[in-house]
Amino acid sequence: MKDPKLREIDERAFLRRLDPMLDVYASAMEPPNEQLPGRHTIMERHTSYPGFRAFVAEGRGALPILAGSVRGFAYGFHGARGQWWHDVVFQALSDREGPGHAESWLGDTFEVAELHVRPEAQGRGLGRALLSALCGGRPERTVVLSTLDRRPDTPARSLYRSVGMVDLLTDFEFPGGGPRYAVMGGALPLAAYAPSRRP
């Protein structure tokens with residue numbers, strides 16, 4: 001398999017790739033099939049959020065509409081009050097350690113909404129490359145995200161820790177049920193293999 005090409009895409013290019021990106025999401029996360037239409041709607045809505053930015057890793061020369069052409073993708077945006085994830089996490093952090101703590105992390109933050117790599121393409125540094133590209137040059141003070149909290153040493157959590165991110169919430173259940181998540185945050189700019197830092 002040739003190394004995929006990493007490229008930044010705008011909102012229109014993102015929307016054109018929604019189905020192949022959802023295929024990557026499904027292969028990486030293995031959600032119930034009935035959840036995919038809702039995820040499609042959420043990802044479509046996110047393109048209208050402030051500071052939206054996205055990167056995709058595609059097979060070289062492949063058309064985005066071809067099955068399997070997208071090997072990985074990542075996107076995020078500026079977090080703000082009124083956004084569902086932002087408000088839920090802000091409230092949880094406020095409840096646990098006070099509103100000042102929540103504001104220090106979420107007052108000026110870049111939220112990584114999704115970062116996924118096909119299982120057969122994992123373990124080759126593609127997730128790290130997507131994360132680095134996505135967060136590079138961002139004007140925000142912090143970056144935050146949520147990741148499955150299956151155990152503390154998953155490849156995803158190890159990657160996030162290696163660039164200076166720390167656990168903000170663990171064993172966290174978002175409203176509506178579902179699996180438990182860890183919410184992690186770090187100071188921007190990220191650094192490779194940085195020690196844990198707080199904003």
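Since we're looking at a predicted model, the values are computed, not measured. The figures that follow rest on heavy atoms only: side chains count, while hydrogens, waters and symmetry mates do not.
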Do [X] and [Y] come within less than 4.5 Å of each other through their side chains, counting heavy atoms only?
{"X": "Glu97", "Y": "Leu168", "result": "no"}
{"X": "Glu111", "Y": "Gln83", "result": "yes"}
{"X": "Thr109", "Y": "Arg141", "result": "no"}
{"X": "Arg161", "Y": "Asp167", "result": "yes"}
{"X": "Arg138", "Y": "Val143", "result": "no"}

What's the shortest heavy-atom distance between Cys135 and Leu188, and which atoms? CB-CD2, 4.1 Å

Suppose the criterion is ring-ring contact (aromatic ring centres under 6.0 Å, His included): which pairs have a residue in residues 110-148, not counting sequence neighbours? Tyr25-His116, Phe73-His116

For residues 88-95, which side-chain donor-acceptor pairs fall under 3.5 Å, sequence neighbours excluded?
from  : atom 1 : to    : atom 2 : distance (Å)
Gln91 : NE2    : Asp95 : OD1    : 2.8
Ser94 : OG     : Phe90 : O      : 2.9

For [X], side-chain contact (heavy atoms from CB on, under 4.5 Å) partners two or more places apart:
{"X": "Asp10", "value": "Arg12, Ala13"}
{"X": "Ser132", "value": "Arg128"}
{"X": "Ala156", "value": "Thr147, Thr154, Tyr160"}

If you measure from CG on Asp108 to CD on Glu103, what distance do you get to the nearest 0.5 Å? 9.0 Å

Please check: side-chain N/O of Thr142 versus main-chain N/O of Trp105, any donor-acceptor pairing under 3.5 Å? yes

I'd like to know if the side chain of Ser158 and the backbone of Pro155 have a donor-acceptor N/O pair within less than 3.5 Å. no

For residues 41-54, dump all side-chain donor-acceptor pairs below 3.5 Å to protein atoms at least two apart in sequence or in another chain.
from  : atom 1 : to     : atom 2 : distance (Å)
Thr41 : OG1    : Pro37  : O      : 3.2
His46 : ND1    : Tyr75  : OH     : 2.7
Thr47 : OG1    : Glu44  : O      : 2.7
Ser48 : OG     : Arg45  : O      : 2.8
Arg53 : NE     : Glu8   : OE2    : 3.1
Arg53 : NH1    : Ala133 : O      : 3.4
Arg53 : NH1    : Leu134 : O      : 3.0
Arg53 : NH1    : Gly136 : O      : 2.6

Scan side-chain atoms only and decide if Glu140 and His78 contain a donor-acceptor pair under the 3.5 Å cut-off. yes

Given Glu58, which partner from the list Arg71, Arg17, Lys5 fulfils the side-chain hydrogen bond (donor to acceptor under 3.5 Å, both in side chains) test? Arg17

